[in-house]
Amino acid sequence: MTDPDTPETGTHETGDEARAGETSGHMRYVLLISILLAIGILSAIVWVPLLFHK
């Protein structure tokens, strides 16, 4: 049985310590722009041949 006075060998960190980085929100803008570009490119692949098909 373990002694309750001895510290555990595991690490206990808070969310900020575990993240160890700045969460300024830039990543959500990068993801938003990437998704919009992907939607635009895929839409162009589908619609351009349909609109300009002669």
Side-chain angles (χ1 to χ4, degrees):
M1 202 159 152
T2 60
D3 185 15
D5 294 332
T6 59
E8 294 181 23
T9 58
T11 306
H12 298 282
E13 296 179 345
T14 64
D16 291 332
E17 291 170 342
R19 206 171 27 241
E22 183 180 341
T23 55
S24 60
H26 289 106
M27 185 55 68
R28 77 177 57 136
Y29 294 119
V30 171
L31 291 172
L32 178 67
I33 291 169
S34 300
I35 288 173
L36 292 176
L37 282 173
I39 291 171
I41 290 169
L42 292 173
S43 296
I45 290 171
V46 171
W47 287 104
V48 168
L50 290 175
L51 293 175
F52 297 109
H53 182 70
K54 293 183 179 181

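Counting begins at 1 with the first residue of the sequence.
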* Structure fact -> When every non-hydrogen atom of P49 is compared with those of A44, the smallest separation belongs to CD-O, 3.8 Å
* To do: Quick one: list whatever passes side chain to side chain contact (heavy atoms under 4.5 Å, CB included) with S43, sequence neighbours left out.
  => I39, W47
Which pairs would a plain distance check flag for residues 27-34, meaning a side-chain donor or acceptor within less than 3.5 Å of a matching protein atom at least two apart in sequence or in another chain?
from : atom 1 : to  : atom 2 : distance (Å)
S34  : OG     : V30 : O      : 2.8

* Asked: Once you round to the nearest 0.5 Å, how far does CD1 of I41 lie from CG of L36?
  -> 11.0 Å
